[in-house]
2 protein chains.
Amino acid sequence: MRGELFHPDRGDISLDKVLHALSDPIRRDVARTMHRDGPRVCGQLSYPIAKSTLSHHLKVLRESGLMTTEVRGTTRVISLRRDDLEARFPGLLDAVQVTAPAPEEASRAS
Amino acid sequence: MRGELFHPDRGDISLDKVLHALSDPIRRDVARTMHRDGPRVCGQLSYPIAKSTLSHHLKVLRESGLMTTEVRGTTRVISLRRDDLEARFPGLLDAVQVTAPAPEEASRAS
DNA sequence: TATGATGTTTGATCATCATAGAATTTTGAA
DNA sequence: TTCAAAATTCTATGATGATCAAACATCATA
């Protein structure tokens, strides 16, 4: 936990990686939570998975360019890179229901 | 090639599967081509991959709900399920640059 | 009924991924 | 300095995934 963590520059955020990151429901939920509640400390996230697994998901989110991780003492604050994503892929966060009204999982459609 | 091919109902199209399907650049390009040129015959698609690999990608696209495959004699006509996708996940196809101006790969952003 | 054209399916291989437990790193506080 | 808390990294494993070559199925037509 020495050097700085990798974050891609805005212009280097790739659609391939972003879509792959978003294809996992837990990662989408983390993104949604960051959007809804603002920056979070990792420990405040709770999912039925091991800590190391969550850590892996956070790494995928960070390296894809979806969020930033800021080291604050012994904790880490994660935030959605909303502006960068909106600039690079307008409408995407809305479309995947990260930012969005999106009440229940199954939006009536058919 | 006997029975009918599986296509999920509009309401059963899952975001997980759609995003996974779209996370591959070849599959995104197939979707973009269908949108730009209308329904295509598979053989008109040309990528530097084996036929069987392309067939696999088309299956992923079809089973995710992104396109339909219609058997026409010895060929198959594939089409983008634009309306279904728009109804289920508004703005998604635009955001992932399937339907969109999207001139070059690297949209100036940073 | 052969034959060719169009795709798919099968079988195999190598890579990537989600997952978890254990060990490790870092920091803050007793 | 010792210890607890927070989170990552390491290591391993089972599941998917992308890929290709070869075999197969279907249809149209000579």
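Please read these numbers as outputs of a predicted model, since none were measured by experiment. Letters A, B, ... are given to chains in the order of the sequence lines, protein chains preceding strands, and every chain is numbered from 1.
- The shortest side-chain heavy-atom distance between A:His57 and A:Ile49 falls under the 4.5 Å cut-off.
- The other members of the hydrophobic cluster of A:Val41, by chain and number, are A:Val77 (side-chain heavy atoms under 4.5 Å, ILVMFWY only).
- Between the side chains of A:Thr99 and A:Asp94, at least one donor N or O lies within less than 3.5 Å of an accepting N or O.
- The distance between atom CG of A:Leu54 and atom C1' of C:dA18, rounded to the nearest whole Å, is 12 Å.
- Taking atom CZ of residue A:Arg28 and atom C1' of nucleotide C:dA18, one finds them 15 Å apart after rounding to whole Å.
- In terms of heavy-atom proximity, B:Gly91 sits nearest to A:Ala95 at C-CB, 3.8 Å.
- In this structure, A:Glu63 atom CD and D:dT8 atom P are separated by 12 Å, rounded to whole Å.
- What separates CD1 of B:Ile78 from P of C:dT6 is a distance of 15 Å, to the nearest Å.
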Take nucleotides 10-19 of chain D nucleotide by nucleotide from the 5' end and write B, S or -, depending on whether a protein heavy atom sits under 4.0 Å from the base, only from the sugar-phosphate, or from neither.
-------SSB
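- A:Ser55 comes within 4.0 angstrom of a base, heavy atoms only.
- In this entry the distance linking CZ of A:Arg40 with P of D:dA7 reads 12 Å, nearest Å.
- B:Asp37 is linked by a side chain to side chain contact (heavy atoms under 4.5 Å, CB included) to B:Thr33, B:Arg40, counting only residues two or more places apart in sequence or in another chain.
- Residue contacts shown for B:Val71 are absent, as no nucleic acid heavy atom lies under 4.0 Å away.
- Axis angle between the ends of the helix from C:dT1-D:dA30 to C:dA30-D:dT1, five pairs each and rounded to 10 degrees, works out to 0°.
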For nucleotides 28-30 of chain C, tabulate all protein N/O to nucleotide N/O atom pairs closer than 3.5 Å, reporting atom names and distance.
none

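- In terms of heavy-atom proximity, B:Arg76 sits nearest to B:Thr69 at CG-CG2, 3.6 Å.
- Residues A:Arg81 and A:Leu66 have side chains not in contact (no heavy-atom distance under 4.5 Å, counting atoms from C-beta outward).
- With rounding to whole Å, B:Glu70 atom CD is found 16 Å from D:dT26 atom C1'.
- With sequence neighbours excluded, the residues satisfying side chain to side chain contact (heavy atoms under 4.5 Å, CB included) with A:Ser52 are A:Ala50.
- Closest heavy-atom contact between A:Leu58 and A:Met67: O-CE, 3.3 Å.
- Per the geometry, NZ belonging to B:Lys51 stands 13 Å off C1' belonging to D:dT26, to the nearest Å.
- B:Arg28 has its side chain within reach of A:Leu15: a pair of non-hydrogen atoms, C-beta onward, lies under 4.5 Å apart.
- The separation between B:Glu4 atom CD and D:dT26 atom C1' is 13 Å, rounded to whole Å.
- Taking all atoms of both residues into account, the shortest heavy-atom contact from B:Val98 to B:His35 is O-ND1, 3.6 Å.
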